[in-house]
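Following: one structure in structure tokens, then a few remarks.
So that the names make sense, note that chain A is the first sequence line, chain B the second, and so on, each numbered from 1. We use all heavy atoms of the structure for the numbers below, so side chains are in, but hydrogens, waters and symmetry mates are not.
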Protein chains: 2
Amino acid sequence: MAGTTAEKRRRGASVASEAMKQAILDAATDVFAESGYRAGSVRTIAEKVGITDAGVLHHFGSKNALLAAVLEWRDERVAPLLPDPRTSGVETFVGLLRVAEYIPTEPGIARLHCTLLAESTDPTHPAHEFFVKRYDRTRGELVDAFRNAATQRRLKPGIDPELAASATLAVMDGLQLQWLLRPDAVDIRKALVAHFSALVELPEE
Amino acid sequence: MAGTTAEKRRRGASVASEAMKQAILDAATDVFAESGYRAGSVRTIAEKVGITDAGVLHHFGSKNALLAAVLEWRDERVAPLLPDPRTSGVETFVGLLRVAEYIPTEPGIARLHCTLLAESTDPTHPAHEFFVKRYDRTRGELVDAFRNAATQRRLKPGIDPELAASATLAVMDGLQLQWLLRPDAVDIRKALVAHFSALVELPEE
DNA sequence: GTCTATACATCGATAGAC
DNA sequence: GTCTATCGATGTATAGAC
């Protein structure tokens, strides 16, 4: 018989603990999204969950470790939406259009991204390295996508893959910022379709 | 004879006061650019100027008023670089290329812009209204510029002025973010030229 | 016009009771 | 596993000496 009383108790506690950690992650996402990392407080996060700041720190050790967990968890949520890096070419851009549709359904995720991105611009910020690496990788994947579009004969003439990659990354971030600032001022998906249409031949919908 | 001793003294004090206010504005620009408004402290600003926090607050009344002064002063510095809103059309885009050249020479200005823009996405942020109005106006000017480019027969076929305006604004912000994150990863001016070239016929250089 | 002193809030983090 | 209690640092802002 597997499962002594002690084990059950441990397992039950572990399940509850995981649920609590998840609740803390949700709350931390909200707070860091709204106030950033530096100005967001552990106490505010704790209040959202209904415990004290000491309780939060018990689960994650430090505020910094909590930030790392939030970034990691955010990536896990967004990853399935992103185009598979191996299916490069125009499929990548179609995938990014799916991301654009997802953004308005989860404003907290977009807000978290923009807030921490701008904040982490400071080299002393705890998430600085994270974002530098992330952007290097993403830009590289986009360059590949535009190069593959060229071999697919779908890249419009005169378009430089490197510059198009930087511009595409920039458009996605900039549109999110405009949308967060004033949600009805810009249709992210439509603007993105127009952007891509000037660079490549998108497949028919 | 204008200028009694009392008046001279007052005037001298006023000149010194203006110089001090200017020094505080410079320091506040640095601090807000690096840490944002909420996480940046009056004390840090004061230390940069060589006075105490009480001294800083004497000149501007409150941290919030200091932020307003920083935003206003930043606009005064950047305004002469921007294209005259009346000379619309492709001249506008040439003007934006000048801005792109200016950015790397004044990283603090770019950093201030990006940091406060993202932070002010929160509706409760003291600069929220400022940025909402600013972006509405700038986007409107860009729409006009693309429409004028159309009447100049320089707009490429199939380009929507509204969407092109949003995308252009987005590209400028996004490229600045990428450049701040990793200055040698992107050439803002080259990427911007490529972006415009896909939308309009730029004049020969 | 700038200082010291102070008030008062909030921060992250730790120690130990329960 | 969460609490209370507490530490030391830091935050904005005000009052009053100089």
Side-chain angles (χ1 to χ4, degrees), chain A residues 5-28 30-32 34-70 119 122 124-127, chain B residues 5-28 30-32 34-70 119 122 124-127:
Chain A
T5 313
E7 270 172 348
K8 269 186 199 157
R9 208 177 274 143
R10 229 186 295 134
R11 208 177 293 150
S14 184
V15 167
S17 179
E18 282 307 309
M20 175 60 85
K21 288 186 81 165
Q22 196 48 242
I24 293 173
L25 280 178
D26 285 331
D30 285 353
V31 171
F32 290 157
E34 201 164 298
S35 307
Y37 171 74
R38 289 204 253 237
S41 79
V42 174
R43 205 155 298 170
T44 308
I45 295 168
E47 282 165 7
K48 283 205 174 212
V49 190
I51 62 176
T52 67
D53 51 349
V56 168
L57 291 176
H58 165 74
H59 284 283
F60 289 93
S62 73
K63 188 189 184 186
N64 206 318
L66 177 55
L67 171 64
V70 164
E119 201 179 14
D122 179 354
T124 69
H125 192 281
Chain B
T5 312
E7 271 174 346
K8 269 185 198 157
R9 209 176 272 145
R10 229 184 297 136
R11 208 177 294 150
S14 184
V15 167
S17 178
E18 281 307 308
M20 176 58 86
K21 287 186 82 165
Q22 196 48 243
I24 293 173
L25 279 179
D26 285 332
D30 285 353
V31 171
F32 289 157
E34 201 162 299
S35 309
Y37 171 73
R38 289 203 254 236
S41 80
V42 175
R43 202 160 300 169
T44 309
I45 295 168
E47 281 166 7
K48 282 205 173 208
V49 190
I51 63 178
T52 67
D53 51 350
V56 168
L57 291 176
H58 165 76
H59 284 282
F60 289 92
S62 74
K63 188 188 182 186
N64 203 318
L66 176 56
L67 172 65
V70 165
E119 202 179 14
D122 178 355
T124 69
H125 192 279

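Annotation: salt bridge (charged side-chain N to carboxylate O under 4.0 Å, His left out) contacts of B:Lys48 (sequence neighbours excluded): B:Asp30. Under the rule for a side-chain hydrogen bond (donor to acceptor under 3.5 Å, both in side chains), the partners of A:Thr44 that lie at least two apart in sequence or sit in another chain are A:Ser41. Every residue meeting the side-chain hydrogen bond (donor to acceptor under 3.5 Å, both in side chains) condition with B:His125, not counting sequence neighbours, appears here in chain and number order: B:Glu119. In this structure, the side-chain hydrogen bond (donor to acceptor under 3.5 Å, both in side chains) partners of A:Asp122, at least two apart in sequence or on a different chain, are A:Arg38, A:Thr124.
In this structure, NE2 of B:His59 is placed 16 Å from P of D:dA13, rounded to the nearest angstrom. Atoms CD1 (B:Ile24) and P (D:dT12) sit 14 Å apart, rounded to a whole Å. Distance, A:His58 NE2 to D:dA5 C1': 18 Å, rounded to whole Å.
For the pair A:Thr52 and D:dT2, the criterion of a side-chain N or O lying under 4.0 Å from OP1 or OP2 is not met.
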In residues 52-61 of chain B, what donor-acceptor pairs under 3.5 Å come from side-chain atoms, sequence neighbours left out?
from, atom 1, to, atom 2, distance (Å)
B:Asp53, OD2, B:Arg43, NE, 3.4
B:Asp53, OD2, B:Arg43, NH2, 3.4

Per-nt protein contacts along nucleotides 11-18 of chain C (heavy atom under 4.0 Å; B base, S backbone sugar-phosphate only, - none) come out as BBBB----
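In terms of heavy-atom proximity, B:Val31 sits nearest to B:Gly40 at CG1-CA, 3.9 Å.
Listed nucleotides D:dG1, C:dG1, C:dT4 differ in distance to A:Ser17; the shortest reach to its side chain belongs to D:dG1.
Atoms CD1 and CG, from A:Ile45 and A:Asp26 in turn, are 11.5 Å apart once rounded to the nearest 0.5 Å. To the nearest 0.5 angstrom, B:Leu25 atom CG is 8.0 Å from B:Lys21 atom NZ.
Comparing the axis of the opening five pairs of the helix from C:dG1-D:dC18 to C:dC18-D:dG1 with that of the closing five pairs yields an angle of 0°, rounded to 10°.
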